[in-house]
J.: 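Handing you this structure, nothing more for now.
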Amino acid sequence: ESGPSGFEQPIRTLISKEIKEYVDEVRIDKFGNLIAHKKGKKPAVIIVAHMDEIGLLIKAISEEGHIYTASVGGIEPMTLLGERVQLKTKKGTIKGIITTKEIHNGDDIKKIPALRDVYVDTGLNRLALTKLGVGIGDYIHIMQHSTFLGNEKIICGKALDDRLGCYILLELAKRLQKNVCDLSYVFTVQEEVGLYGAKTSVYSMDPDWALVIDTTNADDYNQERYTKQIGRGPCITVKDSEMIGNKCLNDIFKELSKKTKIPIQLEITDFGTTDALSISVAKGGIPTGMVSVPVRNIHTASGIAHLDDINNAVKLIEILLRNPPKTCVT
């Protein structure tokens with residue numbers, strides 16, 4: 001399924017169906033966030049993952065039928081070339097290919113294309129597209145299926161950011177059925193365009209602390225130099241470009257890693273941030289930790305991740321939540 005920012009409904013419907021038997025209440029707030037609550041004793045904890053993915057909107061259609069786009073979230077135009085897409089209208093689904101003038105004509109590409117140079121070709125002109133219900137503001141959905149690469153631990157697919165986090169929350173909901181703290185699983189909207197869903201979701205809850213589950217860019221092109229390698233464990237954020245992770249929670253994760261031999265990696269980066277920022281500064285401040293799965297090719301339709309990192313994130317967070325700290329003020 002496709003769920004770019006502002007069009008998360010299909011993903012929300014899937015998650016709602018999956019999680020409802022494991023929690024006491026499922027609701028959707030006015031902004032579109034899905035909140036699944038499992039009643040329990042103090043502390044009250046929220047665990048957050050975002051449902052949306054990066055995407056494209058129709059910005060203009062030329063007379064020839066070239067569909068030009070605006071980005072929804074951060075996209076490198078070069079990664080879009082050759083991707084198959086769908087346009088969903090009331091009259092049906094139309095398929096297309098992302099291309100450029102040079103690729104169209106079979107010419108050499110002499111400069112890296114910008115988004116304004118990239119367009120969708122459906123084989124139809126503007127008049128035909130208009131008759132089929134295609135218009136400005138429609139979403140363009142990338143058609144890409146998940147698969148395994150070199151072995152069945154290496155997965156590849158679109159929207160791993162942050163469907164991996166959504167999967168981890170669903171797995172935790174299945175495992176944490178008895179004798180646990182008060183848990184709210186929060187699946188947010190519009191993270192990719194401004195962390196907005198996380199910001200609004202917190203106002204209907206009163207958590208003692210929070211944990212955000214997301215993905216991060218693997219930097220293991222040179223494995224001797226960098227620290228976020230796929231297959232080496234989930235990443236615990238010490239600092240990103242706008243937030244410092246909660247030291248209390250990070251220290252607990254480091255201790256649990258030593259005791260259980262579950263590997264972790266510590267992330268310190270000067271680029272990017274997550275829903276954890278919005279939550280940490282909401283309602284007078286909420287202690288917030290950040291766990292990420294490293295992903296290669298992160299904002300493309302062919303992200304690469306390791307199942308061990310995903311499963312180890314589930315194990316580590318489950319252990320934490322079975323014996324949670326009552327407070328995480330540092």
J.: Step through it carefully: locate the ring centre of His141, locate the ring centre of Phe7, and say whether they are under 6.0 Å apart.
T.: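 Centroid separation for His141 and Phe7: below 6.0 Å.
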
J.: Do Asp308 and Asn312 pair up side chain to side chain, a donor and an acceptor below 3.5 Å, judged on atom types alone?
T.: no

J.: Is the closest side-chain heavy-atom distance between Ile15 and Cys166 below 4.5 Å?
T.: yes

J.: Working note: Asp24 + His37, criterion side chain to side chain contact (heavy atoms under 4.5 Å, CB included); need CA distance, chi angles, decisive distance, verdict.
T.: CA-CA 6 Å; Asp24 299 308; His37 183 215; 5.7 Å; no

J.: Does a sphere of radius 6.0 Å around NZ in Lys199 hold more than 12 heavy atoms from other residues, nucleotides or ligands, not counting ones at 6.0 Å or beyond?
T.: no

J.: Check Thr274, Asp275, Asp161 against His50 for a side chain to side chain donor-acceptor pair (under 3.5 Å) and give me the one that passes.
T.: Asp161

J.: List the steps, then state whether side chain to side chain donor-acceptor pair (under 3.5 Å) holds for Glu267 with Thr216.
T.: CA-CA 9 Å; Glu267 178 181 34; Thr216 187; 2.4 Å; yes

J.: Go through the side-chain N and O atoms of Thr273 and Asp240 and say whether any donor and acceptor fall under 3.5 Å apart.
T.: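 Per modelled atom types, Thr273 and Asp240 side chains form a pair under 3.5 Å.
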
J.: Hey, mind stepping through Ile244 and Val238 against side chain to side chain contact (heavy atoms under 4.5 Å, CB included) and telling me if it holds?
T.: CA-CA 6 Å; Ile244 295 174; Val238 177; 5.8 Å; no

J.: Taking all atoms of both residues into account, what is the closest heavy-atom pair of Val291 and Ala313, and its distance?
T.: CG1-CB, 4.4 Å

J.: Please report the shortest heavy-atom distance between Pro324 and Leu321, naming the atom on each side.
T.: CD-O, 3.4 Å

J.: Rounded to the nearest 0.5 Å, what separation is found between the CD1 atom of Ile19 and the NZ atom of Lys38?
T.: 10.5 Å

J.: The test is side chain to side chain contact (heavy atoms under 4.5 Å, CB included); show your working for Met143 and Glu83 and say whether it passes.
T.: CA-CA 7 Å; Met143 299 168 58; Glu83 291 288 354; over 6 Å; no

J.: Check whether the side chains of Thr69 and Lys59 place a donor and an acceptor atom closer than 3.5 Å, and report yes or no.
T.: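 Absent: no donor and acceptor within the cut-off.
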
J.: Determine the minimum heavy-atom distance between Glu1 and Glu53, stating which atoms define it.
T.: O-OE2, 4.0 Å

J.: Does some side-chain heavy atom of Leu266 sit less than 4.5 Å from a side-chain heavy atom of Lys254?
T.: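 The answer is yes, as the side chains (C-beta and beyond) meet within the 4.5 Å cut-off.
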
